[in-house]
Structures are given as structure tokens and as C-alpha cells.
Amino acid sequence: MDSLIGNFIFFFAVIDPIGTIPVFIAVTHHYHKSERSAIAFKAAGVSALVLIFFMIAGELILTTIKIPLSAFQVGGGVVLFLFALSMIFGESKPEEEVKMVEGASETAIFPLAIPSIAGPGAMLGAVLLTEKDRYQLWEQALTALTMLSVVAITLVFMLFASYLYKFIGKSGASIISRVMGIILSAVASSSILEGVKHYFSL
């Protein structure tokens with residue numbers, strides 16, 4: 001149960017459903033309500049498929065190119081840590097990704113599905129939390145369901161984005177994103193330490 005809650009918190013931090021709200025509003029502000037709903041479903045579906053792909057094939061790809069998972073844990077942990085620092089000290093997720101809209105074709109794919117929902121942190125986590133040597137098949141399945149539940153929460157938030165944004169506002173989304181960054185930095189540090197420990201125990 002503890003690991004299930006921990007995985008949920010991890011994916012909630014890296015996906016950041018609340019931080020996706022202002023991004024969604026920026027991307028879809030000139031669309032009709034039915035079109036916004038279609039974009040929300042498409043973004044959630046694409047991001048879910050991308051993350052499931054990394055869960056299934058990520059470790060296989062690493063094995064094929066002969067990269068030990070311990071090295072991926074350390075490298076992935078460093079990337080996650082830098083990602084967390086950017087969330088804490090730099091522009092928060094919503095601020096950074098809203099700017100992407102200005103130079104992008106406003107679609108459900110970019111910047112909504114990738115990188116707002118299925119970002120680098122979520123992709124790395126999908127691989128690290130389903131490592132076949134550490135987790136049994138049923139544990140991997142639970143992790144997948146946990147991840148998909150966060151994507152589903154993100155979908156709900158997008159569908160009700162205009163209402164939710166009235167309550168949290170831009171500042172509220174920025175604050176929550178920074179708090180998620182602090183949690184993510186701790187998770188990243190743990191991944192690095194675990195990877196170093198595993199590498200030297202081989």
C-alpha cells in the first residue's frame with residue numbers, strides 16, 4: 001500500500017495535473033466547448049499511450065543497447081533532479097509550457113500531451129518504476145494503473161479547467177508546481193542513491 005501511494009505521489013508530481021490546467025486553457029481558449037473536450041481526450045489518450053510504451057519497451061531498449069538499469073537510475077535521477085530544480089527555482093511548469101503555445105501549432109499533441117502530461121520525468125519514472133528485476137508483473141500492472149489514474153485525473157482537470165482555474169489562478173498553479181518540484185527532487189535523490197548502491201553491488 002505504501003509503495004502504491006508513493007507511486008501515485010510520484011506520478012502526480014511529474015505529470016502535475018494542476019499545472020496542466022493553465023496550459024490547457026492557453027492552448028484551447030479560442031475553441032468551442034465540444035472541441036476543447038475532444039482535445040482533452042486526445043491529449044490524455046496520446047500521453048497514456050506514450051507512457052505505456054515506455055513502461056513496456058523502455059527497459060528492453062536499454063538492454064538492447066547494453067545500458068545497465070543502475071546507470072539509467074543514476075542518469076534518470078540526475079535528469080529528474082535538474083527538472084525538479086527548474087520547477088522550484090526557474091519558471092514553474094505552467095509558466096514555461098504556456099510560452100510554448102506562442103510558437104506552436106495549437107494541437108492536443110504539443111505542448112499538451114508532450115511535454116505537459118507525458119514529460120521527461122514521467123517517461124523516466126515509467127521505466128524506473130517497472131524494472132523487471134525489482135518488480136513482479138502484478139506490481140508493474142499496479143504501477144501502470146496508478147499512472148493511468150493520474151492521467152485520468154489530468155483529463156478531468158482539463159475538462160473542468162475553466163472552473164478550476166477560477167479557484168487556483170495562475171499564482172496557485174505556480175505554487176503547487178513548485179511544491180511538486182520539492183517532492184520530485186527527493187524522489188530523484190533516492191533514485192540516484194539506489195542506482196549507485198546497485199551498481200557497486202554488482
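Just so it is clear, the structure is predicted and the values come from calculations on it, not from any experiment.
Both I67 and F53 belong to a single network of hydrophobic side chains, linked directly or stepwise wherever heavy atoms of I, L, V, M, F, W or Y lie under 4.5 Å apart. Residues V156 and F11 fall within the same hydrophobic cluster, defined by Ile, Leu, Val, Met, Phe, Trp and Tyr side chains chained together at heavy-atom separations under 4.5 Å. Both V50 and I56 sit in one connected hydrophobic cluster of ILVMFWY residues. Membership requires side-chain heavy atoms under 4.5 Å apart, directly or through other members. Residues I182 and L193 are members of separate hydrophobic clusters, defined by side-chain heavy-atom contacts under 4.5 angstrom among Ile, Leu, Val, Met, Phe, Trp and Tyr. Placement of L128 and L137 in two distinct hydrophobic clusters is found when ILVMFWY residues are connected by side-chain heavy-atom separations under 4.5 Å, directly or transitively.
The distance from atom CE of M123 to atom CG of L51, rounded to the nearest 0.5 Å, is 6.5 Å. Separating the OG atom in S171 from the CD1 atom in I176 is a distance of 11.0 Å, to the nearest 0.5 Å. Of the inter-residue distances, the one linking T146 atom OG1 with L4 atom CG reads 4.0 Å to the nearest 0.5 angstrom. Taken to the nearest 0.5 Å, the CZ atom of R178 stands 14.5 Å off from the CD1 atom of I183. If you take OG on S70 and CD on Q73, they are separated by 7.0 Å, rounding to the nearest 0.5 Å. The line from CG of L148 to CD1 of I52 is 4.5 Å long, rounded to the nearest 0.5 Å.
When every heavy atom of S47 is checked against every heavy atom of A113, the shortest pair comes out as CB-O, 3.9 Å. For the pair Q140 and E131, the tightest heavy-atom approach, listed with the atom from each and the gap, is NE2-O, 4.4 Å. When all heavy atoms of F10 and G125 are compared, the pair lying nearest together is CE2-CA, 3.5 Å. Scanning both residues, A122 and I117, for their nearest heavy atoms gives CB-O, 4.0 Å. The two residues V151 and A48 come nearest to each other via the heavy atoms CG1-CB, 4.3 Å. Of all heavy-atom pairs between I153 and F12, the closest is CG2-CE1, 4.3 Å.
Put simply, the side chain of P115 reaches to within 4.5 Å of the side chain of F110, judged on heavy atoms. Under the 4.5 Å side-chain criterion, counting only non-hydrogen atoms from C-beta, I39 is in contact with F24. In this structure the side chain of M158 reaches within 4.5 angstrom of the side chain of L112, judged on heavy atoms. Side-chain atoms of I18 and D16, non-hydrogen and from C-beta on, do get closer than 4.5 Å to each other. Within the 4.5 Å cutoff, the side chain of M147 has heavy atoms near those of the M55 side chain. L85 places none of its side-chain heavy atoms less than 4.5 Å from the side chain of S185.
Under the side chain to side chain contact (heavy atoms under 4.5 Å, CB included) rule, Y135 has a single partner from T130, L129, L142, T143, which is L129.
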N/O donor-acceptor pairs under 3.5 Å from side chains in residues 74-84, not counting sequence neighbours:
none

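Under a 3.5 Å cut-off, the side chain of S190 and the backbone N or O of A186 do not form any donor-acceptor pair.
The side-chain contact (heavy atoms from CB on, under 4.5 Å) search around L159 returns S37, A40, F41, L155, not counting sequence neighbours.
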